[in-house]
Amino acid sequence: MTLEEIHGQEAMPAGHDWMQGAGHALHELLVSAQRRGCLTAGVYESAKLMNVDPDNVAFCVLAADEEDEGDIALQIHFTLIQAFCCENDIDIVRVNDVSKLAAVVGSSEESGEPRDLHCILITNSNEDGWKDPALEKLNSFCEESRNVNDWVPTVTLPE
């Protein structure tokens, strides 16, 4: 029996409630991070930030709709971002509804340009000792997911 088979036999925590709790925690984290100015949106902007200051990145969200699944360039970016996050111990989740994500963080920048919401990074706040309970919940969710071999779990944002 392989390690993957052993981990695959472990029971998942109470399915729907566990996933729903992660969705609510992600919503809270996004709102809090945006209010504090700790949110970076966009694949290229995120890649630049991770290259310059990876120690400041606390959490990563990758988002794609069904029509984005066929975008090979986007999938390559996702693969590279996932690898970087794994290498730097940054927890990461996927969201399959970009419109729900846009409803939470806004679909356009202050300049009126549409925002690229395919990748969102939450950075550490400049405030010393700032601990976000939603971030702690999501970190626990990601750790539990990794225990059952789900390295990039999918989270559903609440309505």
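Note that the structure is predicted; figures quoted are calculated from it, not measured. If you read the sequence from its start, that first residue is 1, and numbering goes on from there.
- Between the CG atom of Leu62 and the CG atom of Leu121 there is a distance of 8.5 Å, given to the nearest 0.5 Å.
- Scanning all heavy atoms of the two residues, the minimum distance from Asn124 to Ala58 falls at OD1-CB, 3.3 Å.
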Set out, in order, the CA-CA distance, both residues' side-chain angles and the distance that settles side-chain contact (heavy atoms from CB on, under 4.5 Å) for Leu135 and Ile122, then state yes or no. CA-CA 9 Å; Leu135 179 59; Ile122 309 299; 5.6 Å; no
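- Linking Ile, Leu, Val, Met, Phe, Trp and Tyr whenever their side-chain heavy atoms come within less than 4.5 Å puts Val61 and Leu29 in one cluster.
- Distance check, rounded to the nearest 0.5 Å: SG of Cys85 to CG of Leu80 gives 11.0 Å.
- For Ile120 against Leu39, the heavy-atom pair with the smallest separation is CG2-CG, 3.7 Å.
- Here the side chains of Leu26 and Phe141 are not in contact, with every heavy-atom distance at 4.5 Å or above.
- Annotation: salt bridge (charged side-chain N to carboxylate O under 4.0 Å, His left out) contacts involving residues 87-103, sequence neighbours excluded, comprise Glu69-Arg94, Asp91-Arg146, Lys100-Glu159.
- For Pro133, there are no side-chain contact (heavy atoms from CB on, under 4.5 Å) partners, not counting sequence neighbours.
- The shortest side-chain heavy-atom distance between Val57 and Thr40 does not fall under the 4.5 Å cut-off.
- What you find for Pro54 and Ile90 is that their closest heavy atoms are O-CD1, 4.1 Å.
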Applying side-chain contact (heavy atoms from CB on, under 4.5 Å) to Ser32 and Arg36, what does each step give before you reach the verdict? CA-CA 6 Å; Ser32 174; Arg36 294 180 185 276; 3.7 Å; yes
As a quick check of understanding, evaluate side-chain contact (heavy atoms from CB on, under 4.5 Å) for Val105 and Arg115, giving each step before the final call. CA-CA 10 Å; Val105 299; Arg115 261 179 143 166; 4.0 Å; yes
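- With Asp132 contributing its side chain and Ala134 its backbone, the two residues share a donor-acceptor pair below 3.5 Å.
- Among residue pairs with one or both ends in residues 46-65, none qualify as ring pair (Phe, Tyr, Trp, His ring centres under 6.0 Å); sequence neighbours excluded.
- With sequence neighbours excluded, no residue satisfies side chain to side chain donor-acceptor pair (under 3.5 Å) with Asn139.
- Partners of His27 under the side-chain contact (heavy atoms from CB on, under 4.5 Å) rule, at least two apart in sequence or in another chain, are Val31, Val104, Leu157, Pro158.
- Sorted by first then second residue, the salt bridge (charged side-chain N to carboxylate O under 4.0 Å, His left out) pairs that include residues 47-56, not counting sequence neighbours, number zero.
- Ile81 and Leu49 end up in the same hydrophobic cluster when Ile, Leu, Val, Met, Phe, Trp and Tyr side chains are linked at under 4.5 Å.
- In this structure, CD1 in Ile92 is found 7.0 Å from SG in Cys119, a value given to the nearest 0.5 Å.
- Ring-plane geometry between His118 and Phe78 is classed as tilted, the angle between the planes lying from 30 to 60 degrees on a 0 to 90 degree scale.
- We find the CG-CG distance between Asp68 and Asn96 to be 10.0 Å, quoted to the nearest 0.5 Å.
- The same ILVMFWY cluster, assembled from side-chain heavy atoms under 4.5 Å apart, contains both Leu138 and Val95.
- In terms of heavy-atom proximity, His77 sits nearest to Tyr44 at NE2-OH, 3.5 Å.
- Here the shortest heavy-atom pairing between Val93 and Cys142 reads CG1-SG, 3.7 Å.
- Val43 and Val98 are members of different hydrophobic clusters when ILVMFWY side chains are connected at heavy-atom separations under 4.5 Å.
- Other residues, nucleotides and ligands contribute over 12 non-hydrogen atoms within 6.0 Å of the CD atom of Glu67.
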